[in-house]
There are 2 protein chains.
Amino acid sequence: MKRDSRLSGVLHLLLHMAEADGPVTSEALAGMMQTNPVVIRRILGGLRKEGLVQSEKGHGGGWRLARDLESVTLYDIHLALGAPGVLALGNRTESPGCLVEQAVNAAMSDAFEAAEALLLERFHSITLASLSRDFSRRRKRNASTCDQHRH
Amino acid sequence: MKRDSRLSGVLHLLLHMAEADGPVTSEALAGMMQTNPVVIRRILGGLRKEGLVQSEKGHGGGWRLARDLESVTLYDIHLALGAPGVLALGNRTESPGCLVEQAVNAAMSDAFEAAEALLLERFHSITLASLSRDFSRRRKRNASTCDQHRH
DNA sequence: TCTTCATGTAACTTAAAATATTACATGAAA
DNA sequence: TTTCATGTAATATTTTAAGTTACATGAAGA
């Protein structure tokens, strides 16, 4: 079962946008993410609907953050990505009338909900600003050996 | 991102085996799971390596539980299935030198680990016996309207 | 105005992964 | 010695995610 790294990838994009002076093109972002510009535009198009980023066409155009770094949590971004399920495991639902399946699902659902709630609670407490601060800290720490972050 | 319902499915199989008098064939189990007998044999073959089930060939053969219901937890079964990742979300690892990625991953890893630990802890506390008792309870409750669990 | 650049989006292709199927060998019971 | 069931490799199918192409829309600059 493969893991969905879109949230991680989007955070990557947003922090790079936060670092930049002006708008960043989908082509530049695609370079960082080693993917196609259209993929970037699709993802960021979704975030724009939620008011997290804005885009401009034409010369000097591109993407920029639309909100303050302090006000955006991982949870906001998770929602903007469509709130995909956070767990890789799930219940069977092929035999809803089977009492065995009902017993199994009841027991597992409790555990699943607890884990999911904990993860989302953590997401609420992490802001783009806190990530940005951590990045700055790392940059200073690494300044002697490497003055720029690279792709 | 599709969810892995193997654990749920295996519990279904094991509880049905617990209910049965003698060995149950992979064909019968495949009928319950609406899949192919070979798929069942592959899955149960893995569990046999861990000592959870045993199989017999030939006439009257099939699969049966190898351990006491009280002694088997969901965690044991999860391990026997190869301990697949429990989270659907994960970190990007395409640019390990990028400090942005490092900051993002550090923050998310904490949250991921906490959620995973909580889920696995819950798995430790659920035994096949407790599921079986819950099933019996449901069967009694439903006795008036339906005397058998069906597929 | 007209060329250039960038987004917006639909349609399509490719790639990867999970799942299912076929085929046949092994071994046990009737 | 026939039947039945597991054991397992090889293959095929299905499903899902990701990437690509193509072209329309609109903004800035020459």
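So you know, we letter chains A, B, ... as the sequences are listed, proteins then strands, and number each from 1.
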Less than 4.5 Å apart, any side-chain heavy atom of A:R92 and any of B:M33? yes

Considering only NZ, NE, NH1 and NH2 on the basic side and carboxylate oxygens on the acidic side, decide whether B:E50 and B:R67 come within less than 4.0 Å. no

Can you classify the ring geometry of B:H78 versus B:Y75 as parallel (below 30°), tilted (30 to 60°) or perpendicular (above 60°)? tilted

Would you indicate which nucleotide in D:dT20, C:dA20, D:dA5 comes nearest to any side-chain atom of B:T35? C:dA20

When we call it a touch if two heavy atoms are under 4.0 Å apart, what does B:G45 touch: a base, just sugar-phosphate, or nothing? nothing

Testing C:dG8, D:dA17, D:dG7 for proximity to the side chain of B:R48, the answer is D:dG7

Hey, is the side chain of A:R41 poking within less than 4.0 Å of OP1 or OP2 on C:dT7, counting only N and O atoms? yes

With clusters defined by side-chain heavy atoms of hydrophobic residues (ILVMFWY) lying less than 4.5 Å apart, directly or transitively, does B:M1 cluster with B:V86? no

B:S26 side chain N/O closer than 4.0 Å to the phosphate oxygens (OP1, OP2) of D:dT6? yes

Given 3.5 Å as the limit, does a donor-acceptor pair link the side chain of B:R6 with the main chain of B:L81, or not? no

Using atom CD1 of A:I40 as one end and atom P of C:dT7 as the other, report the distance to the nearest whole Å. 10 Å

Does B:L65 form a side-chain contact (heavy atoms from CB on, under 4.5 Å) with B:V72? I'd like the steps, not just the answer. CA-CA 10 Å; B:L65 296 178; B:V72 181; over 6 Å; no

Whole-Å gap separating P (C:dA23) and CG (B:N36): 13 Å

Distance check needed: D:dT6 C1' versus B:M17 CE, whole Å only. 13 Å

With a 4.0 Å cut-off, would you call A:E113 and B:R122 a salt bridge? no

If I take atom CG in residue A:L44 and atom C1' in nucleotide C:dT9, what distance separates them, rounded to the nearest angstrom? 15 Å

Counting just side-chain N and O atoms, does B:S55 come under 4.0 Å of either OP1 or OP2 of D:dA5? no

Which pairs, protein N/O on one side and nucleotides 10-15 of chain C N/O on the other, fall under 3.5 Å?
from: C:dA11; atom 1: N6; to: A:R42; atom 2: NH1; distance (Å): 3.4

Do the side-chain N and O atoms of B:D76 and B:T73 include a donor-acceptor pair separated by under 3.5 angstrom? yes

Between C:dG8 atom P and A:I43 atom CD1, what is the distance in whole Å? 14 Å

Holding to ring pair (Phe, Tyr, Trp, His ring centres under 6.0 Å), I want the full list of residues that pass it with A:H59, two or more places apart in sequence or in another chain. none

Between C1' of C:dT19 and CZ of B:R6, the distance in whole Å: 11 Å

Kindly give the atom pairs (protein nitrogen or oxygen, nucleotide nitrogen or oxygen) under 3.5 Å for nucleotides 27-30 of chain C.
from: C:dG27; atom 1: O4'; to: B:K57; atom 2: NZ; distance (Å): 3.4
from: C:dG27; atom 1: N2; to: B:G58; atom 2: N; distance (Å): 3.1

Please give, in whole Å, the distance from C:dT26 P to B:E56 CD? 21 Å

B:E27 CD to D:dG7 C1', in whole Å, measures 16 Å

